[in-house]
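Encoded as structure tokens, here's the structure I'll be asking about.
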Amino acid sequence: MAHTFPYSPGEHETEKASNSYLMSLVAVIAGLPLPIINLLATLFFFLANRKGTYFVRWHCTQALLSQASLLFINSFGFWWTIDIIFGDEVISNRYVGYLIAAGILNLTELIATIHAAIQTRKGRHIKWWFYGTLTDLVCRP
Amino acid sequence: MKQTYTVLLQGLLLLIAVLLLFVLLMGTDWAGLTNAEERSEQTAQRVGELMYDFINETEEVATDTALTNPVHQLIQKLCRDNGIDYSSVTFHVLLNDEVNAFALPGRQLVVYTGLLDECRNESELAGVLAHELAHIEQDHVMKKLAKELGFSMLSTLTNDGETLGLVFETLGSSAYDRELEIAADMAAVEYLEVAGLNPRAFADILYRIDGMQDSSPEFLDWISTHPDAQSRAEAVMDAVDSELPIPEPVLPSAMWDDMKAAL
């Protein structure tokens with residue numbers, strides 16, 4: 001949802017803030033089989049911009065927090081799959097259900113990320129439910 | 001402070017929503033919804049029929065009733081006493097010196113004469129048969145084949161000798177996952193106890209396999225399909241009721257002696 005930001009961000013800020021979301025998108029394409037790559041890419045971008053302007057830092061933090069929560073879900077699914085391929089596990093209803101649930105959450109995150117990247121580029125302040133409020137708490141002007 | 005409460009409340013609601021999503025989807029019978037089980041059963045039946053023809057064409061099948069009767073009687077007893085549909089189980093005794101027995105798709109069981117020769121009493125043989133019956137009952141055969149060869153390959157399997165040979169080879173000489181082996185062992189102990197056969201004898205043959213693996217090449221097949229025999233034997237002994245009396249023989253002694261004489 002678009003909210004008002006304490007100040008109106010400049011062109012260079014909206015570009016960097018938008019890139020923080022794009023970074024996780026690019027990593028999603030490259031790193032789907034290895035979920036940690038998504039988080040690492042977003043983390044590096046966050047570190048590179050930790051001294052950036054408030055608008056940039058705020059959006060880098062929101063992107064990072066959302067990626068971090070998906071990491072647990074994707075990692076669990078990843079190792080479960082590895083255990084099925086190489087270990088003793090067999091494909092079960094629970095496994096299929098887990099993959100579908102993880103897929104729905106990843107897809108939701110993907111759509112939200114694309115939306116946030118486009119809107120942020122236009123200078124609109126996109127604040128996600130929970131992650132936005134959490135970012136307000138941890139990212140100060 | 002108000003912001004902290006908002007974050008906690010939103011986080012809690014999000015967590016509940018995500019957990020509900022997982023619980024709902026993980027509890028759904030996806031296999032039933034997609035008829036996967038039915039298709040898997042049909043495939044197992046078809047592969048079983050192809051394997052039946054393949055064995056009759058390529059292997060030396062024992063026709064001497066002195067060899068087949070004890071196997072027949074023991075399988076029948078194990079099935080009848082444990083509520084397993086005996087009429088749906090087919091077995092083949094193959095003239096082969098290797099110590100081996102394994103389950104095939106379509107509820108089929110293969111026993112080599114080498115195993116009949118190695119077993120010292122009916123309970124040892126019954127133990128191995130019960131173990132293989134458990135693989136059949138728990139649908140391990142198709143799970144293993146689907147994992148090793150892929151379900152798509154099985155569902156499109158035709159009367160092609162080379163591929164059928166590969167299926168035969170896969171089931172006859174490669175191990176099930178350890179978890180499946182243990183599940184089959186525990187079920188076998190139960191089958192044996194219910195049928196009034198001695199489950200300790202099953203542990204005996206497992207111990208013997210483990211001890212003889214370096215010296216007896218004829219054991220190699222059973223060893224390769226049944227790794228960790230010693231720890232499994234110990235698990236079998238742990239599962240056996242310690243107060244269980246040694247049961248009376250099930251087969252007439254002449255039948256067992258005739259089988260040994262016919263080998």
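Quick caveat: nothing in here was measured; it's all calculated off a predicted structure. Order of the sequence lines sets the chain letters (A, B, ...), proteins ahead of strands, with each chain counted from 1.
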Might you confirm whether atom CH2 of A/Trp129 has over 12 heavy atoms from other residues, nucleotides or ligands at distances under 6.0 Å?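 Counting other residues, nucleotides and ligands, CH2 of A/Trp129 exceeds 12 neighbours.
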Closest approach of A/Arg94 to B/Met26 (non-hydrogen atoms, all atoms of both residues):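 Distance-wise, the nearest heavy atoms are O-CG, 3.4 Å.
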Under 4.5 Å heavy-atom distance to chain B, tell me which part of A/Tyr95 shows up: side chain, backbone, both or neither.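 No part of A/Tyr95 comes within 4.5 Å of chain B.
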Chain B heavy atoms under 4.5 Å from A/Leu99: which part of the residue, side chain, backbone, both or neither?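 It is neither, since no heavy atom gets under 4.5 Å.
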Are the side chains of A/Phe130 and B/Leu15 in touch, meaning some heavy atoms are under 4.5 Å apart?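 Heavy-atom side-chain distance check fails, nothing below 4.5 Å.
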List the atom of A/Asn93, the atom of B/Thr28, and the distance in Å for their closest heavy-atom pair.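 A/Asn93 and B/Thr28 have their closest heavy atoms at CB-O, 3.5 Å.
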If you count heavy atoms of other groups shown closer than 6.0 angstrom to CD of B/Glu190, is the number above 12?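 Result for CD/B/Glu190: open.
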Name of the residue among B/Thr6, B/Thr4, B/Leu8 meeting side-chain contact (heavy atoms from CB on, under 4.5 Å) with A/Thr133: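 For A/Thr133, the side-chain contact (heavy atoms from CB on, under 4.5 Å) check succeeds only for B/Thr6.
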